[in-house]
Asker: 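The following block contains the structure, expressed as structure tokens.
What you see is a predicted model; the values in this text were computed from it and never measured. For the numbers below, each heavy atom of this structure counts, side chains included, while hydrogens, waters and symmetry mates do not.
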Amino acid sequence: MTAARKIIIDTDPGQDDALALLLALASTELDVLGITAVAGNVPLALTEKNARKICELAGKPGTKVFAGAIRPLVRDLVTAEHVHGRTGLDGPELPEPEMPLQDGHAVDFIIDTLMAHGEGEITLCPLGPLTNIALALNREPRIATRIREIVLMGGGFFEGGNVTPTAEFNIYVDPHAADVVLRSGVPVVMMPLDVTHKALTTRARIAAIRALDTKVGAACAELLEFFERFDEEKYGTDGGPLHDPCVIAYLLKPELFTGRSCNVTVETGSELTMGMTVIDWWRVTDRPENALVMRDIDDDGFFTLLTERLARL
């Protein structure tokens with residue numbers, strides 16, 4: 001039997017982050033060593049609390065949750081309550097968590113855990129701004145060779161941006177951190193808007209999750225119905241894109257996704273295009289490939305996987 005893949009999830013929950021956490025916690029192929037919270041969709045005081053709420057919803061109160069960066073490396077924090085609601089997890093009524101927040105800082109946990117394991121043993125799964133990951137790489141450069149890969153949700157190219165015409169939210173919030181990560185030499189798998197916008201939470205897909213007739217299924221349906229309202233109005237679609245679970249689904253079934261290796265750079269100088277991920281999809285430069293960028297998804301297979309795993313909780 002193959003050993004479970006060791007991962008650390010770095011996140012700023014967020015309804016779609018919540019679904020990603022639940023997918024990971026429901027999957028025996030993954031060993032979630034810890035969850036590190038970062039400021040992003042809402043401030044840190046809420047993201048670390050939301051991560052603990054989701055662990056308890058999953059019936060996994062023993063999961064280690066650490067609080068991390070309270071703000072981006074350079075810029076002021078931008079949040080997204082207009083999308084996720086005041087709490088970041090608006091929709092269902094989730095109780096205040098009883099499980100404790102771990103002592104110590106998320107960045108220290110990332111560094112210490114990587115240094116305590118062998119090279120290539122741990123995958124980092126950032127679902128929000130990359131602040132914690134960049135801080136860890138800057139503080140202890142030796143971790144770069146120990147990371148198996150970084151599978152992240154962020155960026156966009158053919159789809160443009162979702163917070164500015166050119167920038168996706170996670171990268172826009174901390175473009176300098178994204179620049180550190182993409183220049184680190186660590187293998188990167190990138191789930192941009194180009195792929196996540198093809199994973200739509202249609203009425204039928206939410207109905208299938210609600211039909212699980214469990215506490216988790218009901219909560220997920222309510223989370224998704226709140227979350228999708230913004231994108232349905234914005235894009236005129238049946239359902240909104242379910243971004244962050246794509247990261248976890250890739251670890252479980254990479255065959256659901258297709259993309260190509262290319263160079264990705266991040267704009268950190270121009271206010272007009274701040275946070276834009278410049279993806280050399282057609283390889284028109286001589287810049288070296290530094291990321292496997294996904295562009296397509298088997299969306300039916302993705303939602304089948306998600307619903308089947310949620311049924312386990």
Asker: Would you name the heavy atoms of Pro61 and Met99 that are closest together and state the gap between them?
Answerer: O-CE, 3.5 Å
Asker: Which value, rounded to the nearest 0.5 Å, describes the distance between Asn138 atom CG and Ser184 atom OG?
Answerer: 10.0 Å
Asker: Report the residues that fulfil side-chain hydrogen bond (donor to acceptor under 3.5 Å, both in side chains) with Thr63, sequence neighbours left out, ordered by chain and then residue number.
Answerer: none
Asker: Are side-chain heavy atoms of Val32 and Ile9 found at a separation under 4.5 Å?
Answerer: yes
Asker: Using modelled atom types and a 3.5 Å cut-off, is there a donor and acceptor pairing between side-chain atoms of Glu289 and backbone atoms of Cys262?
Answerer: no
Asker: Determine whether more than 12 heavy atoms belonging to other residues, nucleotides or ligands lie under 6.0 Å from atom CD of Glu255.
Answerer: yes
Asker: What is the minimum heavy-atom distance between Ala144 and Val186, and which atoms define it?
Answerer: O-CG2, 3.5 Å
Asker: If Ile, Leu, Val, Met, Phe, Trp and Tyr residues are connected whenever their side-chain heavy atoms lie under 4.5 Å apart, and connections chain through other members, are Ile110 and Ile70 in the same group?
Answerer: no
Asker: What heavy-atom pair brings Val247 and Leu152 nearest, and what distance separates the two atoms?
Answerer: CG2-C, 3.6 Å
Asker: Let me know which of Thr11, Asp174, Asp10, Asp12 forms a side-chain hydrogen bond (donor to acceptor under 3.5 Å, both in side chains) with Asn132.
Answerer: Asp10
Asker: Where is the tightest heavy-atom contact between Gly217 and Leu212, given as atom of each residue plus distance?
Answerer: CA-CD1, 4.3 Å
Asker: Asp90: what forms a salt bridge (charged side-chain N to carboxylate O under 4.0 Å, His left out) with it, not counting sequence neighbours?
Answerer: none
Asker: How far does CD1 of Ile54 sit from CG of Asp17, to the nearest 0.5 angstrom?
Answerer: 9.5 Å
Asker: Under the salt bridge (charged side-chain N to carboxylate O under 4.0 Å, His left out) test, which residues partner Lys49, sequence neighbours left out?
Answerer: Glu96
Asker: Between Phe66 and His105, does the ring centroid distance fall short of 6.0 Å?
Answerer: no
Asker: Do Arg52 and Leu101 have side chains that get closer than 4.5 Å, going by heavy atoms?
Answerer: yes
Asker: So Val38 and Leu130, side-chain contact (heavy atoms from CB on, under 4.5 Å) or not? Walk me through it.
Answerer: CA-CA 8 Å; Val38 66; Leu130 290 160; over 6 Å; no
Asker: Does the side chain of Pro13 reach to within under 4.5 Å of the side chain of Asn41, using non-hydrogen atoms?
Answerer: no
Asker: Check whether any side-chain heavy atom of Asp244 lies under 4.5 Å from a side-chain heavy atom of Leu19, and answer yes or no.
Answerer: no
Asker: Working to the nearest 0.5 angstrom, can you tell me the gap between His243 NE2 and Thr196 OG1?
Answerer: 4.5 Å
Asker: Quick one: does any side-chain atom of Glu267 pair with a main-chain N or O of Ser270 as donor and acceptor, under 3.5 Å?
Answerer: yes
Asker: Do you know the tightest heavy-atom contact between Leu251 and Cys125?
Answerer: CD1-SG, 3.6 Å
Asker: Counting C-beta onward and ignoring hydrogens, is there a side-chain heavy-atom pair between Lys6 and His117 closer than 4.5 Å?
Answerer: yes
Asker: Hey, any chance Val189 and Ile147 share a hydrophobic cluster, counting ILVMFWY side chains that come within less than 4.5 Å of each other, even indirectly?
Answerer: no
Asker: Among residues at least two apart in sequence or on other chains, which ones pass salt bridge (charged side-chain N to carboxylate O under 4.0 Å, His left out) with Asp108?
Answerer: Arg139
Asker: Is there side-chain contact between Leu94 and Leu89, with heavy atoms separated by less than 4.5 Å?
Answerer: yes
Asker: For the atom pair CG (Asp280) and CH2 (Trp282), what is the distance rounded to the nearest 0.5 Å?
Answerer: 11.0 Å
Asker: Do any pairs count as a ring-ring contact (aromatic ring centres under 6.0 Å, His included) and have a residue in residues 249-276, sequence neighbours left out, and if so which ones?
Answerer: none
Asker: Check step by step if side-chain contact (heavy atoms from CB on, under 4.5 Å) holds for Phe109 and Ile8.
Answerer: CA-CA 10 Å; Phe109 169 74; Ile8 295 172; 3.9 Å; yes
Asker: Any carboxylate oxygen within less than 4.0 angstrom of a Lys/Arg side-chain nitrogen, looking at Glu222 and Arg210?
Answerer: no
Asker: With a 4.0 Å cut-off on N to O distance, would you call Arg295 and Glu159 a salt bridge?
Answerer: no
Asker: Between CE of Met274 and OG1 of Thr164, what distance do you get to the nearest 0.5 Å?
Answerer: 10.0 Å
Asker: Any link between Val163 and Met276 through a network of hydrophobic side chains (Ile, Leu, Val, Met, Phe, Trp, Tyr) touching at under 4.5 Å?
Answerer: no
Asker: Listed by chain and number, what are the salt bridge (charged side-chain N to carboxylate O under 4.0 Å, His left out) partners of Arg287, not counting sequence neighbours?
Answerer: none
Asker: Could you tell me if Arg205 sits above the aromatic ring of Phe302, with its cationic atom closer than 6.0 Å to the ring centre and no more than 45 degrees from the axis?
Answerer: no
Asker: Hydrophobic clusters here meaning ILVMFWY residues chained together by side-chain heavy-atom distances under 4.5 Å, can you tell me if Ile7 and Met191 are in one?
Answerer: yes
Asker: Would Lys53 and Glu98 pass as an ion pair if we require N to O under 4.0 Å?
Answerer: no
Asker: Hey, quick one: are Leu310 and Leu30 part of the same hydrophobic cluster, counting side-chain heavy atoms closer than 4.5 Å, chains of contacts allowed?
Answerer: yes
Asker: Taking the side chain as every heavy atom from C-beta outward, state whether Met294 and Asp194 have any pair of such atoms under 4.5 Å apart.
Answerer: no
Asker: When you measure from the side chain of Gln15 to the backbone of His84, do you find a donor-acceptor pair of N or O atoms at a distance under 3.5 Å?
Answerer: yes
Asker: Quick one: are Leu224 and Ile209 in side-chain contact, heavy atoms under 4.5 Å?
Answerer: yes
Asker: Checking salt bridge (charged side-chain N to carboxylate O under 4.0 Å, His left out) between Glu29 and each of Lys253, Arg5, Arg309, which is the one that passes?
Answerer: Arg309
Asker: Using only atom types and a distance under 3.5 Å, with no angle test, would you say the side chain of Thr277 pairs donor to acceptor with the backbone of Gly156?
Answerer: yes
Asker: Does the side-chain contact (heavy atoms from CB on, under 4.5 Å) test come out yes or no for Asp299 and Leu200, once each step is laid out?
Answerer: CA-CA 8 Å; Asp299 56 324; Leu200 296 178; over 6 Å; no
Asker: Quick check: does any side chain N or O of Arg260 sit under 3.5 Å from a backbone N or O of Trp281, one acting as donor and the other as acceptor?
Answerer: yes
Asker: One thing to verify: whether Glu271 and Arg75 come together as a salt bridge, which I'm taking to mean a side-chain N less than 4.0 angstrom from a carboxylate O.
Answerer: yes
Asker: Heavy atoms only: give me the nearest Gly68-Ala106 pair and the separation to one decimal.
Answerer: CA-CB, 3.5 Å
Asker: For the pair Glu308 and Arg312, find out whether any cationic side-chain nitrogen is under 4.0 Å from an anionic carboxylate oxygen.
Answerer: yes
Asker: Checking Thr87 against Val42 for the side-chain contact (heavy atoms from CB on, under 4.5 Å) test, could you report, in this order, the C-alpha distance in whole Å, the side-chain angles of both residues, the deciding distance, and whether it holds?
Answerer: CA-CA 7 Å; Thr87 68; Val42 287; over 6 Å; no
Asker: Output the distance between atom CG (Leu182) and atom CD1 (Ile171), rounded to the nearest 0.5 Å.
Answerer: 7.0 Å
